[in-house]
Every structure is written in C-alpha cells, then in structure tokens.
Amino acid sequence: MSPILASIIKGTVTLVWVLANVLFLVWLERKISAWLQNRMGPMRTGRWGWAQTIADGLKCILKEDIIPTGADKALFVLAPMISVASALLVWIVIPFGPGRGGIFSDLPIGIIFIAAVTSFSIISVFMSGWGSNNKYSLFGSMRGAAQMISYEVALVMSILGVVMLAGSLSLQDIITRQAQAGLLGWYIFKQPVAFIIYVIAALAELNRAPFDLMEAESELVSGYHTEYSGIRWLLFMLAEYGHLLSWSAIAAALFLGGWTGPGLGYFAGSIPALNVFNMGIWPYVTGFFWFVFKTYLFIFGAMWLRWTLPRVRIDQLMDIGWKFLLPVSLVNIAVTAVLFDLGSGPLSKILGWYVR
Amino acid sequence: MSYWSKVWNGAKSTSIGLGVTLKEFFQDPITLQYPDEMPNLPGWSRAVPLQKTDMSTGAYKCTACGLCEQACPVDTIHIESHQDPVTKKKFIDVYEIDMSRCMLCNYCVEACPFDALVMGNDFEQAADNTDEMVYDFDKLLRLGLEYSKPEEQAVKSNNVGGGLPDWVFAQKTGATLADMPEGVELGKLSCFEVDFERKQAAAKAKAAEASKAATEAAAKPVADGAAKPAAEGADSAKGEGDAK
C-alpha cells in the first residue's frame with residue numbers, strides 16, 4: 001500500500017469516526033440530560049429517538065442561509081469552518097490502538113500539536129462574535145476568548161506533569177509507558193492533581209457547563225452563535241461535540257492508559273487456545289474497545305457535570321482559572337520534578353514508585 | 001472564607017450535586033407519552049358537560065326544566081322543548097351546548113336537579129371551526145354514555161349523610177351503545193315516558209293483584225273495585241312492550 005493511499009484511508013476513517021460520534025453524542029447528551037431530570041428525551045424519531053440528530057441535521061441543512069446585514073461576511077462565513085477544522089485536526093495524533101497502525105500520525109510533539117490546534121477554536125469564536133455585528137455575539141466571544149486563554153494555560157500545565165513522567169510528548173509513547181507499568185501505572189493514580197485540573201480546565205476549554213459563559217443562553221441570547229442558523233450553526237455544534245470527543249479521548253490517553261486493557265488474549269497463559277487474540281488484528285480490536293470505553297466514560301462524566309452544576313460567574317471563572325488551577329498545577333509540576341530527581345536517597349525508596 | 005475552605009466547599013457541593021443527579025438518573029421518568037398513553041385523569045378534571053342516559057331503560061334523564069340554561073354564566077346552553085298537552089311534561093326538541101364558549105364552571109351540573117348532566121373529562125374536543133363546537137343533544141348523549149349507568153330514579157341523590165355529593169366527581173362507567181337496552185334508540189326515549197310506563201306497570205300490578213284477589217274471592221259478590229284498574233292495564237300493554 002502506498003503511503004498516500006494509506007493516508008487517505010486513515011483520514012477518511014478518522015473523519016467518519018468523528019462525524020458518526022458527533023451524531024451519537026448529540027443524541028446521548030439529550031438522553032442523559034433527560035434521564036438526569038426524570039424525563040425521556042427524544043422518543044418520536046425512530047425507536048428511542050435514535051434518528052433525532054439526523055432529522056435535526058437535515059432540517060438545519062435545508063434552512064435558509066442567513067447572513068445578517070452589517071456582518072463582516074468573510075469572518076462570518078469562515079468562523080464555523082475554522083472551528084470544525086480545529087476539532088478534526090486533533091484526531092491526527094490521538095491513538096486508537098497500539099503501534100503505528102493505531103494512530104493517524106504519531107507526531108513526536110503530539111501534546112504541543114493538540115494545544116496548538118485547539119487554540120484555533122478561540123480564533124473562530126472571536127471571528128464569529130466580531131463578524132456577526134451583534135452585541136450578544138461580541139459579549140460571548142469576548143468572554144470566550146478570556147476564558148479559553150486563561151484555561152489553556154492551566155490545561156497545558158497539568159499535562160506537563162504527565163509528560164515529565166512519561167518523558168515524551170507523543171501520546172502513543174505516553175500510553176505505552178502506562179501499559180508497561182500496569183493498572184497502577186496509569187497516570188490518574190500517579191498524577192491525581194493533574195487529573196483534576198485537566199478535567200476542570202478541559203470543561204472550560206469545551207465551553208460546557210458549568211463554564212458555558214460564552215453561550216450563556218440566559219444572559220446572552222446564544223453567545224457567539226446568536227446570529228448563526230442552518231448549516232453554519234450545525235458546523236459550530238459539530239465542532240463543539242467533536243471537541244468534547246477529542247478532549248475525552250485525550251484524557252483517556254493521558255490518564256487512563258488509552259487503548260491499554262486486557263483482551264481475550266490476556267488469558268492465553270491459562271488457556272493456550274486464546275493466544276490467537278494476541279496476534280493479527282485482535283490487539284487493535286481490544287485496543288479500540290478500551291479506547292472507546294474510556295473515552296465515553298469521560299464523556300458521560302462531562303454530561304453528568306453539565307446537567308448538575310449551575311453556571312459560574314465570570315469573576316468566579318477567572319478566580320478558578322488564575323488563582324486555583326494555575327498555582328496548583330505549578331505546584332504539581334514542582335513536586336513531580338523534585339520526586340523525579342530524588343536520586344537514591346531514603347526518600348526515593350518510599351516515593352520512587354510514584355515516578356517510575 | 002479562606003482560600004482552602006472555598007476549594008473544599010466547592011468540591012463538597014459538587015459531589016453532593018452529582019450524587020443528587022445520579023439518584024435521579026436511576027429513577028423512572030415521569031413523562032407520559034401522551035398520544036400513545038392516555039393520562040389517568042381524576043374525576044374532578046373538567047373538559048365537557050355531557051348528558052347522561054339511564055342505562056336500564058335507555059331513556060335520557062333530562063327533563064327540559066331549563067335550570068342549567070339559567071345557571072350558565074356564559075349562555076352556552078340552548079334548550080327548546082315541547083309540552084305534552086295531557087301530562088304537561090316537557091320533552092327535549094333541541095339541546096345545544098356551545099363548547100367554544102363553555103368555561104367549564106360546572107354550574108350546570110350543580111344546578112341539575114335530576115342528575116342528568118355530568119362534567120366529563122374527555123379533553124380531546126378540538127375542532128376545525130366553531131360550528132363543530134356546538135354540541136347537539138345527540139352528541140352530548142353519545143359522549144355521556146361513558147358516564148351513564150342504570151338508575152333507580154331520575155332524582156339526584158341528596159347529600160344527607162355529609163361528605164361530597166355524587167355529582168362532584170365524574171365516574172366513568174365505560175358504557176357503550178352496545179349496553180343500551182334492546183330496541184331503544186339513544187335520545188328517543190324520555191325519562192317521563194319511562195316514568196309513565198313505571199306508573200302504568202305499578203297500576204297493572206295492582207290490578208293483577210286485585211283480579212287475583214277477586215278470583216280467589218270469586219264466591220264473594222263484591223268485585224266492582226277491581227274491574228276498573230284491570231281495564232287500564234290492558235290499554236297500556238301495547239306501549240309497555242317497547243320499554244321492557
């Protein structure tokens with residue numbers, strides 16, 4: 001197989017994976033919100049409303065394309081595209097399974113690539129707010145820019161602790177290190193503080209409640225996408241849920257060991273016939289299963305939090321970001337660094353397991 | 001509040017909130033899938049005033065007294081009736097309720113002295129235009145069948161023992177056209193006719209008893225008193241056949 005063909009196949013699979021998951025996630029969000037509130041959610045379109053998102057999507061595509069008078073057309077049209085592009089590009093470095101076959105492209109600077117690409121969504125938010133010629137859009141995008149820049153710092157700082165332990169920026173390497181160390185080697189146990197900070201900061205990055213200040217439908221009509229409708233609005237939704245999916249997948253990779261997990265081949269020691277599952281395509285199948293399972297664990301957590309907590313105020317948001325998350329993540333980095341460089345003293349014997 | 005107690009409070013309240021929502025997560029939804037499942041409405045829910053039928057005879061219970069018409073605050077009820085020249089009883093010609101104006105105040109039901117009206121809870125009464133919202137006697141009786149039961153007498157049971165009177169809560173009996181007595185058409189037979197039959201039947205029974213007594217006491221010469229009611233009973237035998 002030529003590398004170009006392989007790239008095309010991998011790219012198509014990634015694109016379809018994201019789009020199909022977004023379709024499911026929107027439905028899941030509505031269902032989970034309903035179940036958390038003693039409701040049923042969509043029930044009319046197909047059994048259990050499974051086709052609800054498809055119906056909504058078709059409706060959005062068929063809608064009139066509206067660009068408000070006085071809007072900056074170029075910015076207005078470009079913003080949703082950039083938003084979607086950033087949500088899709090992340091998937092280049094997220095590993096689905098072990099080895100080279102389980103990842104689109106195992107960049108050695110994976111984490112930095114993710115941080116760089118997801119920062120694009122700040123630009124798209126500000127473009128849409130500025131281009132809409134609407135005060136609510138502008139308010140929303142101002143808040144969004146302030147929020148996303150603040151939390152980006154804490155987010156990357158929290159990931160740094162993990163990177164220090166793994167000694168690599170590549171997500172595939174980070175997962176391999178966790179796979180080698182076994183269950184207790186997962187960085188959720190070695191870096192619990194970083195994990196908590198990551199979850200909070202990622203929720204803020206995703207603009208999900210309790211940090212959905214830039215949409216804030218009770219204050220700003222709909223925030224930065226007030227003026228959007230039809231397919232452009234659809235693209236924003238696609239980006240939002242694509243980001244949710246990718247952040248959950250990154251969290252699973254960083255803290256829960258990504259694709260690592262026992263498959264059927266795990267029992268090959270006692271039942272030799274099961275050794276088949278350690279060969280060929282099977283490691284990829286088990287890897288993919290665990291990857292999806294862990295990702296959806298985080299997605300459920302995010303939805304659960306969203307439908308539990310009220311929205312924070314803008315000053316509280318800034319307080320949490322700059323006064324709590326950033327100092328705590330810096331302390332976490334310092335502690336990790338000290339432990340990492342203990343040498344061979346008595347402390348190393350007590351705490352050495354933490355870093356090795 | 002100090003910095004760390006703020007952090008602690010935030011974490012604590014978040015976990016409490018998550019616990020609350022998780023508890024709700026595992027409870028059954030309270031949603032009613034309305035067009036698929038019908039709500040189990042309580043008797044006091046009001047949707048449409050209806051005419052009741054006595055299911056033992058098939059006669060409508062309304063006596064055209066017009067008290068509901070007078071009680072109605074928004075003039076939705078319209079009654080036209082004719083009077084029997086002999087018995088002076090009134091019979092319904094037209095009985096209409098304009099449901100587009102009805103405000104479901106229940107006054108007509110409370111005013112009715114004969115328990116002929118009931119406030120039904122069949123709320124699906126929407127129509128395309130206001131003409132269809134004028135319910136004629138036939139429709140009111142047809143919808144009211146569901147609340148009709150065999151009655152002993154046409155008079156409302158008065159509320160002597162305390163508590164709530166019967167008519168306050170609509171009770172579905174689930175009667176249908178199939179439950180109507182044989183040969184009786186809905187809305188064609190008045191309670192007065194039934195009343196008349198009942199009186200005739202009583203008179204006939206009395207006459208039969210008298211004639212029985214007369215045959216038993218055949219030896220006795222005085223049998224004049226029994227002869228007259230027996231003749232009356234024979235006259236009404238034809239009309240009685242319809243009702244029974």
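Convention: sequence-line order gives letters A, B, ...; per-chain numbering from 1.
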Does any non-hydrogen side-chain atom of [Y] lie less than 4.5 Å from one of [X]?
X	Y	result
B:Pro29	A:Met40	yes
A:Phe324	B:Tyr3	yes
A:Thr308	B:Val20	no
B:Glu24	A:Leu36	no

Looking at [X], I'd like to know if its [atom1] atom is crowded, meaning that more than 12 non-hydrogen atoms belonging to other residues, nucleotides or ligands lie closer than 6.0 Å.
X	atom1	value
B:Lys172	NZ	yes
A:Met142	CE	no
B:Phe91	CZ	yes
A:Phe195	CZ	yes
A:Phe293	CZ	no

Could you pull out the closest heavy-atom pair between B:Thr31 and A:Arg39, with the gap in Å? OG1-CA, 3.5 Å
Dump the intermediate steps for side chain to side chain donor-acceptor pair (under 3.5 Å) on A:Trp304 and B:Thr21, then the final yes or no. CA-CA 8 Å; A:Trp304 184 14; B:Thr21 43; 3.1 Å; yes
Which bit of A:Ile320 is near chain B, if near means a heavy-atom gap under 4.5 Å: side chain, backbone, both or neither? neither
Heavy atoms under 4.5 Å from chain B: which residues of residues 148-163 of chain A carry them? none
Spell out the residues in residues 311-319 of chain A that have some non-hydrogen atom less than 4.5 Å away from a non-hydrogen atom of chain B, in order of number; otherwise answer 'none'. none
Salt bridge (charged side-chain N to carboxylate O under 4.0 Å, His left out) contacts touching residues 30-46 of chain B (sequence neighbours left out): A:Arg44-B:Asp36
Taking atom OG1 of B:Thr14 and atom CG of A:Leu309, what is their separation to the nearest 0.5 Å? 5.0 Å
Please output the residues of residues 69-84 of chain B in contact with chain A, using a heavy-atom cutoff of under 4.5 Å, in numerical order. none
